[in-house]
Amino acid sequence: MDGAEEMEIEQQPLPLPIPNTSSKRFGIKNSIQTNFGDDYVFQIVPKNDWTSMAVSLSTNAIKLYSAATGHYIGECNGHSSTINQIAFSGPSSPHVLYSCSSDGTLRAWDTRSFQQVFSVSGGPSQEIFSFSFGGANHNLLAAGCNPQLLFWDWRTKRQVACLEDSHTEDVTQVHFIPGYDDKLISASVDGLICLFDTGGDINDDDHLVSVLNVGTSVGKVGFLGEKNQKLWCLTHIETLSFWDWKDERIEASFEDARALASKSWITDHVDYFVDCHYSVEEDHFWVIGGANGGSLAYFPVNYKEMRAIGPPEAVLSGGHEGIIRSVLSGVPGETMDNHGIFGWTGGEDGRLCCWLSDGSDNSQSWISTLALKSEKTRRKSRHSPY
């Protein structure tokens with residue numbers, strides 16, 4: 001991996017009404033070794049001030065790195081099974097990192113000492129797949145635990161509710177809606193997205209407000225649009241849909257999202273979607289698609305009048321050799337911070353890659369020692385815990 005790949009710029013005009021910007025290809029110019037070994041990189045999340053980022057690994061550890069330089073800071077160990085989600089706390093406690101796991105626990109870590117400072121359990125033989133903080137009094141911690149939704153008062157660590165009737169299969173996502181502190185969205189393998197009002201004594205009968213039927217297993221959801229009234233949904237069969245959760249209606253559905261994106265990607269083919277990215281300032285939306293060989297592209301999506309997926313506005317290639325599991329990035333054409341970093345990616349090849357969009361010579365790929373010394377056996381199919 002010592003060979004340098006120079007950055008290339010490809011001009012690709014986009015059809016209206018998708019934003020007319022050029023497609024940029026980012027290359028990896030050098031690499032250093034890490035001790036990832038044969039680990040998967042599951043998720044990358046930034047601290048609120050972007051001074052550091054946390055990376056969850058398939059070894060059930062969480063490692064901390066400088067978001068600007070990639071320098072290793074330390075790690076948190078304690079989970080005994082797959083870590084399904086990590087997230088930093090808000091500005092009031094910026095050093096606290098939360099994680100949930102298939103070991104049935106949700107834990108908090110002080111990233112200054114790397115010690116555990118908080119833990120709650122979903123119960124024996126339970127798995128926690130997702131969590132979110134919110135509530136009218138900002139005291140609720142909600143978690144998707146198998147088909148159940150669990151609620152704690154995080155200040156007292158006391159469980160205050162367990163909803164067992166809303167979903168029939170594993171809950172993959174829970175999100176308190178930004179700007180609506182008492183509203184919670186949950187999504188599940190059962191194909192349903194549920195909206196709850198979490199005020200008062202929470203129960204299935206009185207607090208389930210509405211149900212959106214996606215029709216297939218839901219992988220990820222997020223919010224967009226004015227006042228976060230819209231909802232995007234990626235499924236485990238790579239379909240993409242948009243909903244108005246307030247009006248309880250679907251606005252657009254891309255059942256053939258992979259085919260549409262692949263058709264517009266001249267140099268590669270979309271095998272899977274990693275995530276979506278929404279720019280509040282520009283009201284632009286991208287779906288992020290990957291190829292099994294390690295390339296990644298940002299496809300602009302028009303989900304309004306003229307429903308279309310356009311040619312990629314950013315292409316990241318030359319860094320990974322396998323499936324990419326997590327993307328931490330800014331808006332195509334812009335940088336995340338004053339270091340000129342466009343983003344970070346991590347994947348099943350055990351690599352953590354940094355991408356720069358300003359032509360700097362500092363773009364680096366963090367590669368496992370094993371990957372540098374020998375060929376690893378690659379998985380033929382995508383491994384996708386929730």
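A donor-acceptor contact closer than 3.5 angstrom is absent between the side chains of Asp349 and Tyr40. Checking Ser80 against Asn60 by side-chain atom types alone, no donor-acceptor pair falls below 3.5 Å.
Using a distance-only test at 3.5 Å, with no hydrogens or angles considered, no donor-acceptor pair links the side chain of Asp244 to the main chain of Glu251. At distances below 3.5 Å, at least one donor-acceptor pair connects side-chain atoms of Trp344 with backbone N or O atoms of Ala67.
Within the 4.5 Å cutoff, no side-chain heavy atoms of Pro94 are placed close to those of Asp49.
Placement of Leu150 and Leu184 in two distinct hydrophobic clusters is found when ILVMFWY residues are connected by side-chain heavy-atom separations under 4.5 Å, directly or transitively. Linking Ile, Leu, Val, Met, Phe, Trp and Tyr residues whenever their side-chain heavy atoms come within less than 4.5 Å leaves Phe151 and Leu106 in two separate clusters.
Residues passing the side chain to side chain contact (heavy atoms under 4.5 Å, CB included) test with Thr235 are Val214, Thr216, Cys233, Ile237, Thr239, sequence neighbours excluded. In this structure, the side chain to side chain contact (heavy atoms under 4.5 Å, CB included) partners of Thr111, at least two apart in sequence or on a different chain, are Leu64, Phe88, His95, Leu97.
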Side chain to side chain contact (heavy atoms under 4.5 Å, CB included) for Phe273 and Leu240? Distances and angles first, verdict last.
CA-CA 9 Å; Phe273 290 121; Leu240 173 66; 5.6 Å; no
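Heavy-atom neighbours of Asp201 CG from other residues, nucleotides or ligands within 6.0 Å: at or below the threshold of 12. Surrounding CH2 of Trp154 are at most 12 heavy atoms belonging to other residues, nucleotides or ligands under 6.0 Å away.
In summary, the aromatic rings of Phe342 and Tyr298 are positioned with their centroids under 6.0 Å apart.
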